[in-house]
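Hydrogens, waters and symmetry mates play no part in the numbers below; they use all other heavy atoms, side chains included. What you are looking at is a predicted structure, and each value in this text was computed from that prediction instead of being measured.
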Amino acid sequence: MSTTGATADPLAALGSLPGVAESVESVRKAVDRVYGHRIMRRRSNEVTSEAALRAARGSAALSGADWALEEVRRRTDFGTDDEARVMGAALRLTAEAGQLLSIWRQSPLRVLARLHLVAAASEEARVGRPRQDGEPVDEPLVELALPDAREVSGRLEGLADLIIAGTSAPALVTAAVVHGELLALRPFTSHNGLVARAAERIVLIGSGLDPKAICPAEVGHAELGRAGYLAALEGYVSGTPEGMAAWIAHCGRAVELGVRESTAVCEALQRGAA
């Protein structure tokens with residue numbers, strides 16, 4: 001996303017794109033409905049815990065580890081093979097995201113570095129910092145052209161400046177841009193998809209849209225499918241108003257599907273079946 005232009009708040013300007021206001025309103029109504037569920041008055045912690053597990057499962061599915069929920073629930077060893085390591089990284093990131101909310105608005109780049117460290121679970125020198133020229137990127141599911149290290153650095157700084165300055169943009173718009181920008185840049189040598197979705201999660205929670213973390217967009221992104229996800233991302237990367245609006249709408253639909261998932265959890269808890 002370009003951070004230059006006539007407007008001092010380019011994120012807010014995206015809210016005027018065709019269809020975006022409708023997506024924002026639809027998401028807000030869906031979130032309000034699940035927060036109004038009677039089970040949330042006394043068992044919200046259980047809903048939050050279940051949403052986190054399902055969020056991690058959804059994010060890992062988009063990064064190549066498409067496990068059944070019960071498999072995620074029962075496993076304890078997440079270091080035995082590539083898929084298990086992806087799942088372990090997703091679980092760690094989902095748990096870590098809630099611990100970084102207070103830092104995000106002051107130092108988003110520090111948070112992104114921390115997310116990569118948590119995901120990679122490695123002490124290699126290239127972990128926890130933006131990649132340098134010539135370093136390979138292990139992100140096989142995203143095949144878009146890879147920006148060079150200089151562009152990555154400049155755009156990360158621009159994104160951080162926007163977050164620190166604050167914006168009047170709806171939470172959905174900000175979350176979608178953060179998510180899309182990180183996927184487009186792939187700033188780290190690995191785990192960029194997982195980090196991008198964790199950052200989206202942080203924005204949705206920290207903005208106040210989903211303060212109890214019960215609306216897992218990751219679930220919706222997985223349900224909408226990898227092909228749809230990548231097609232929407234191409235719209236974001238194009239930078240056209242239509243492409244940007246389509247990406248924001250895609251992210252909005254993902255949040256709504258996450259709401260549907262947690263509503264089902266609430267209903268199961270109410271029946272005593274979960």
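- In this structure, Arg186 contributes its side chain and Asn192 its backbone to no donor-acceptor pair below 3.5 Å.
- Of the N and O atoms on the side chains of His191 and Glu139, not one donor lies less than 3.5 Å from an acceptor on the other residue.
- Interatomic distance, Gln132 CD to Asp148 CG, rounded to the nearest 0.5 Å: 13.0 Å.
- Atom OG of Ser102 sits about 9.0 Å away from atom CD of Gln99, to the nearest 0.5 Å.
- Using modelled atom types, no side-chain atom of Arg131 and backbone atom of Arg129 make a donor-acceptor pair closer than 3.5 Å.
- Follow the hydrophobic side-chain contacts under 4.5 Å out from Ile202 and you reach Leu156 in the same cluster.
- Here the side chains of Cys215 and Leu204 are not in contact, with every heavy-atom distance at 4.5 Å or above.
- For the atom pair CD (Glu83) and CZ (Arg85), the distance works out to 11.0 Å, reported to the nearest 0.5 Å.
- Taken from CE in Met244 to CD1 in Ile248, the straight-line distance is 5.5 Å, to the nearest 0.5 Å.
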_Audit row: Arg197, Glu200, salt bridge (charged side-chain N to carboxylate O under 4.0 Å, His left out) steps and yes/no_ = CA-CA 5 Å; Arg197 291 183 288 276; Glu200 179 186 50; over 6 Å; no
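- The NE2 atom of His250 sits 9.5 Å away from the CG atom of Leu233 when rounded to the nearest 0.5 Å.
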*asked:* Please evaluate residues Arg28 and Asp32 with respect to the criterion salt bridge (charged side-chain N to carboxylate O under 4.0 Å, His left out), reporting the C-alpha separation (whole Å), side-chain torsions for both, the decisive distance (0.1 Å), and the verdict.
replied: CA-CA 6 Å; Arg28 168 52 68 188; Asp32 286 348; 3.2 Å; yes
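- Pairing each heavy atom of Ser122 with each of Val127, the nearest pair is O-CG1, 3.8 Å.
- Of the possible donor and acceptor atoms, none in the side chain of His179 sits under 3.5 Å from a partner among the backbone N and O of Thr174.
- For Arg74, the CZ atom is densely surrounded, since the number of other residues' heavy atoms within 6.0 Å is greater than 12.
- Under a 3.5 Å cut-off, the side chain of Arg33 and the backbone N or O of Val259 do not form any donor-acceptor pair.
- The shortest heavy-atom contact between Val203 and Ala171 is CG1-O, 4.0 Å.
- The backbone N or O of Lys212 sits less than 3.5 Å from a side-chain atom of Tyr35, completing a donor-acceptor pair.
- When every heavy atom of Leu194 is checked against every heavy atom of Ser59, the shortest pair comes out as CD2-OG, 3.3 Å.
- Every salt bridge (Lys or Arg N to Asp or Glu O under 4.0 Å) that Arg260 has, sequence neighbours left out, goes to Glu223.
- A donor-acceptor pair is defined here as one N or O able to donate and one able to accept, closer than 3.5 Å; such a pair exists between the side chain of Ser23 and the backbone of Gly19.
- Minimum interatomic distance between Ala61 and Asp66 (heavy atoms only, all atoms of both residues): CB-OD1, 3.7 Å.
- Pairing each heavy atom of Val34 with each of Cys266, the nearest pair is CG2-SG, 4.4 Å.
- Under a 4.0 Å N-O distance rule, the pair Glu135/Arg126 does not qualify as a salt bridge.
- Within the 3.5 Å criterion, the main-chain N or O of Ala90 finds a donor-acceptor partner in the side chain of Thr94.
- Using a 4.5 Å heavy-atom cutoff, the side chains of Glu261 and Leu257 are not in contact.
- For Arg75 and Glu71, the salt-bridge test passes: some basic side-chain N is under 4.0 Å from an acidic carboxylate O.
- In this structure a side-chain-to-backbone donor-acceptor pair under 3.5 Å is missing from Ser107 to Leu109.
- Counting heavy atoms from C-beta on, the side chains of Val20 and Leu14 never come closer than 4.5 Å.
- Between Phe188 and Val137, the closest side-chain pair of non-hydrogen atoms is not below 4.5 Å.
- For Glu218 against Ala55, the heavy-atom pair with the smallest separation is CB-O, 3.2 Å.
- Side-chain atoms of Asp138 and Thr189 form no donor-acceptor pair, as typed in the model, at a separation below 3.5 Å.
- Taking CG of Leu62 as the start and CZ of Arg57 as the end, the distance is 9.0 Å to the nearest 0.5 Å.
- Arg105 has its side chain within reach of Ile163: a pair of non-hydrogen atoms, C-beta onward, lies under 4.5 Å apart.
- Under the 4.5 Å side-chain contact rule for hydrophobic residues, Val195 and Leu144 share a cluster.
- Using bins of under 30°, 30° to 60° and over 60° for the plane-to-plane angle, the ring pair Phe78/Trp67 lands in the parallel bin.
- For the residue pair Ser262/Arg54, the side-chain donor-acceptor check at 3.5 Å is not satisfied.
- Within a 6.0 Å radius of CZ in Arg110, other residues, nucleotides and ligands contribute 12 heavy atoms or fewer.
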